[in-house]
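These notes are about the structure you will find just below.
Chain letters run A, B, ... following the sequence lines, proteins first, then strands; residues in each count from 1. Since the model is a prediction, treat every value here as computed from it, not as a measurement.
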Amino acid sequence: MAKEMIAMLLAGGQGSRLYALTQNLAKPAVPFGGKYRIIDFPLSNCVNSGIDTVGILTQYQPLVLNEYIGNGQPWDLDRLHGGVHVLPPYQRASGSDWYKGTANAIYQNISFIERYDPEYVIILSGDQICKQDYSDFLKFHKEKGAEFSVAVMEVPWEEASRFGLMVTDENDKITEFQEKPKNPKSNLASMGIYIFNWDILKKYLEEDEADPESENDFGNNIIPNLLRDERKMYAYRFSGYWKDVGTISSLWEANMEVLDPEHSGIDLFDEEWKIYSRNSGKTGHKIGPDAVVENSMITDGCRINGNVKHSILFSGVKVEAGAEVEDAVVMGGTTIKAGAVVKHCIVAENVTIGENAVVGAMPDGENSGVATVGSGVYVGDGAKVGPNAMVSNNVKDGEEQW
Amino acid sequence: MVNSNIDALGIIFPNSYDDLVPELVADRLMASIPFAGRYRMIDFILSSMVNCGIDNVSVIVRKNYHSLLDHLGAGREWDLTRKNGGLNIVPPFAEKTVKVYNGRVEALASILGFLKSQKEKYVIMADANVAASFDFGAFLEQHIESGADVTVAYTEEELPESFKNTEINSKSLYYTLDLDGQRVTNIKINSKASGVQNFSMNIYAIERETLIDQISQAFVRGYVYYERDILSPHLVTLNVQGFKFEGYSARISDMKSYFDENMKLLDENNLDALFDKGQIYTKIRDDNPTRYKTGSRVKNVMAADGCVIEGDVENCILFRGVKIKSGAKVRNCVLMQDTVVESGADIDYVITDKNVVISENQKLQGTDSFQVFVEKGKRV
C-alpha cells in the first residue's frame, strides 16, 4: 500500500556545541523538559499528524538513540507496514560511505523510501523543540501545487543574518534563498523542515550525487538547484513555538521556557498534542517535610528534601536536605548532596554533586554563563564549578574549575 | 531449551476480598484499586512475578473487571505480550451448569483444561490485596528444597481490626497458620485471636500436576474454598510448609487501611522498601512532569507525573494528573487520578476516587480515623 507522506528525520548531528552533553550521545537523544529527549518532539509531531512511517538517519554515537527508539512503541510507531526505522549508513556491493551530508543521507536511503511509494516526503531535523502539525504543512503544499515547500519562521530583522532566509513574493512563492547573508532581504528563516514531491526529491538527489563538487547538503546544494530550475517552491509560515537547541544557552533557555508555558508558547500540558516518550517507570516523586519547591517541574522518582526553585528535575533526581537548586536543569539519576548549591546550569544524567559543592552561579552583570556538567561526572565535596565551566571529567574534593 | 525463566506459571485471583472495600470496588475490583500514586494493586504481584522470571500468568476474573482489562491490555507494560505464555485473562465462561465461581476451587476448575496443557512444573497462586515486592524465586526454591506438597507465604503480624470485625459467615475468608518449624499444623479460618499471628498472604507454590489432581477431585465433591476444603482437613497427609515473608507489605483490608497504607509511603524508608526488588510496572499514561507553579506550597507529598499544583498541599498522596488550583488547601488526603481541587476549597482527611471535582470554596473535613470518601466522577 502506498503512503501519502513519509518522514525522514535527520538525527546524525554531533551537536558539537553541546560538547559536554554530547560526548556519548547524538544531539537528538539529549534529554529535555523533565522526561523527554529532543527527538520525542518530531516523532510525536509525526504520529499526531498522522504520519506512521519515519526513517531516522543516524551516524554519530547512535547507541543511546537506537536503544531509546527501540521498536518505536512509545510513539505508537510499531507498525506492521511502516513504523519507525533507524537507518545508519551501511555497506553496499559498490562500497560504503558515511553520510557525506544531509542530502547524501537521504540519497543513500532512496530504496527505503521507495518501499512505501510515497507521494510526498517530509524532511525533519532532530535538533529542534517544536510542536507542529505536519498535516497543515502538507495541506499548504498541496493547495499551492508546490513541488517543494519549506517551513519558515519570522525572526526579528536584526537577527535575520544568522539564518538561512527565504525571499518570497506575495503568494509565498520563493524567489531567492540567502544563507546567513550580511544584508538580509527577508526575515523568513528556514526551519530546516521540507516537504518534497517524491519524484522531484529523487531526481535532485540523484543529480546532486552525480556532482562531485557538491557538499550534498539541502541548504547549500539541493535548494539552490531547485531555484536554478525555477521549480514551484513555497514558504510555509509557522508561528508556533520553535527553538533550535544547538547551544548550551539555547538548550537551557528552552528548558526554562517550559516552566512558563503561558508566555513562552511551549505547552507540554496540551492533551490534544501530547509529546510521547519512553517512560522511566519510576514511582511517584516525593517532596520531603522540610523541602521547599517553587515554580518547578518534577518527574517520577525524584526525592526532594532541599530547596528547588525555578528548575526542571528529570526522573530519579535526589536533592538532599540543605541543598539549593535554582534556575537549573538537572537530568535523570543525578544526586545533589547536602549543602550543595546548584544554580543557573545544566547538570547531565547520573552526576553526583558532592556535599557543599557549588555549581554555576546566578548571572551577575556580564557574567551569565550556563555551567555544564557532563553525564556521570563526580563533583567532589566542597568543589567549585564556575559559571562558564564545561565539565566532562570528575572534579576532586575542594577543587575549582572555571 | 535454555532455561532463562523459572519453571512456574502464575495465577492471580483479582477479586479476592472485594467485599472488604465496597466503596472502592463500586465499579472495579480489588486488583484494579489505585495505590501508591501511580499503580493498581495488581501491579505489585504481577511485576514481582515478571521480575522473578515468570512469563506465563493467568488472571481469573470474576466480576467488575472492565477496569482491569483496560489496565492490563495485552500485558505489554509487564513484558507479558508473549507468543508462548504471556498474560492470559480468563473471564467467567457462563454455561448452564457452571455459575460464576465463588471460591478458589471453582475458579481453578474453570481453567483445568488450560492447566493441563501447560508445560511449567510448578504453579504459583496469589491474590491481589497485598502490595509487596515478593521474591518468588526464593519462595519456589524453599518449596522445592523442603519437599513440601504446598508452600504458603505468611507474614507475622496482628490481624487487622477490619478482618476481626467481619461476620463469621462472610465470603471473605482469611487464614492464620499454626506452625511446627515450617510445617503447617493447623489452618485457622477467620480467627479473632489477638497478638501477632502467622497471617497467610494466600500466596501458594504447588506442583501443577498435584494442583490438577486436587482440583479435579475437589470439584466433583462440590468443594469451594481451597484452604478450607482442601488444605485444612488434610494437613496430616499433605505436607504444607510456611514461607515467612519479611519484606515490606501493604494489605488492603478496609477504607482505613487503604488510607493508612498510602500515607505510610510518605516515609521514604517505607517507599524504598516497597520498591526494593526491582521495578513495579504499570500502564503508561504519557503524562508531562508535575508542575509546581509560583505560589504553590508543598510539604511532605508524594505525587505522580501529570499534576499541576498551585495551592497548598501537605501530607498527601497525589495520583497522576491531579490539579490543585490556587488558594486551595489540601491536607492529609489521598487524591486519585485526575482529581481537581478548585480554588478556595479546603479539604482535610479526604479520599477522592478518580475524576472527582471538589468545587470552589468547598470544605470537607474527615478525621484520622474516619476519612471522607468521594466516589468516582462525583462533583462536590
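- Only the side chain of A:K274 has a heavy atom closer than 4.5 Å to any heavy atom of chain B.
- Inter-residue side-chain proximity for B:L274 and B:F44 is flagged as met; some heavy-atom pair is nearer than 4.5 Å.
- Ring centers of A:W273 and A:Y134: at least 6.0 Å apart, outside the cut-off.
- For chain A, the nearby part of B:Y39 is the side chain; its heavy atoms alone come within less than 4.5 Å.
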Audit row: B:N355, B:K378, side chain to side chain donor-acceptor pair (under 3.5 Å) steps and yes/no: CA-CA 7 Å; B:N355 297 320; B:K378 264 267 167 80; over 6 Å; no
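- Between chain A and the residues B:T294, B:V308, B:V301, the most heavy-atom pairs under 4.5 angstrom are made by B:V301.
- The aromatic rings of B:F259 and B:Y349 are tilted relative to each other, their planes meeting at an angle between 30° and 60°.
- Looking only at distances, a side-chain donor or acceptor of B:T81 sits under 3.5 Å from a matching main-chain atom of B:R76.
- A:W252 has its ring centre no less than 6.0 Å from the ring centre of A:H310.
- For A:Y36, the part sitting under 4.5 Å from any heavy atom of chain B is the side chain, from C-beta outward, and nothing else.
- A salt bridge is defined here as a Lys NZ or Arg NE, NH1 or NH2 lying under 4.0 Å from an Asp or Glu carboxylate O, and A:K27 with A:D127 meets this definition.
- Heavy atoms closer than 4.5 Å to chain A are found nowhere in B:R297, neither backbone nor side chain.
- Most heavy-atom pairs under 4.5 Å with chain B, from the set A:S277, A:G301, A:C302, A:P261: that is A:P261.
- Within the 4.5 Å cutoff, no side-chain heavy atoms of B:V334 are placed close to those of B:F35.
- For a residue to count as touching a neighbouring chain, one of its non-hydrogen atoms must lie under 4.5 Å from one of that chain's; by this rule B:R38 touches chain A with the side chain only.
- In this structure, A:N71 places its CG atom where more than 12 heavy-atom neighbours from other residues, nucleotides or ligands lie under 6.0 Å away.
- There is no contact between A:S44 and chain B, counting heavy-atom distances below 4.5 Å.
- Only the side chain of A:N305 has a heavy atom closer than 4.5 Å to any heavy atom of chain B.
- Using a 4.0 Å cut-off between charged side-chain N and carboxylate O, A:R37 and A:E349 make a salt bridge.
- For chain A, no part of B:V313 is nearby; none of its heavy atoms comes within less than 4.5 Å.
- Heavy-atom distances place no part of A:K309 under 4.5 Å from chain B, backbone and side chain included.
- Interface remark: B:Y281 contributes no atoms to any contact with chain A (heavy atom separation under 4.5 Å).
- Heavy-atom pairs under 4.5 Å with chain A peak, among B:D287, B:I309, B:T282, B:N315, at B:D287.
- With respect to chain B, the highest number of heavy-atom pairs below 4.5 Å among A:P74, A:P289, A:G34 belongs to A:P289.
- Here B:R291 is the residue among B:K299, B:E268, B:R291 with the most heavy-atom pairs under 4.5 Å with chain A.
- If you tally non-hydrogen atom pairs under 4.5 Å between each of B:L265, B:I280, B:D305 and chain A, the highest count goes to B:D305.
- Residue B:D338 forms a salt bridge (Lys or Arg N to Asp or Glu O under 4.0 Å) with just one option from B:K354, B:R320, B:R285, and that option is B:R285.
- Between the A:N45 side chain and the A:C130 main chain, a donor and an acceptor come within less than 3.5 Å of each other.
- Heavy-atom distances place the backbone of A:L259, and not its side chain, under 4.5 Å from chain B.
- Ranked by non-hydrogen atom pairs under 4.5 Å with chain B, the options A:E294, A:H285, A:R303 are led by A:H285.
- Among B:I317, B:V298, B:L318, the residue making the largest number of heavy-atom pairs under 4.5 Å with chain A is B:V298.
- In this structure the side chain of B:E342 reaches within 4.5 angstrom of the side chain of B:V357, judged on heavy atoms.
- The most heavy-atom pairs under 4.5 Å with chain B, out of A:I275, A:D300, A:D260, A:L268, come from A:D300.
- Between chain A and the residues B:A304, B:C307, B:G37, the most heavy-atom pairs under 4.5 angstrom are made by B:A304.
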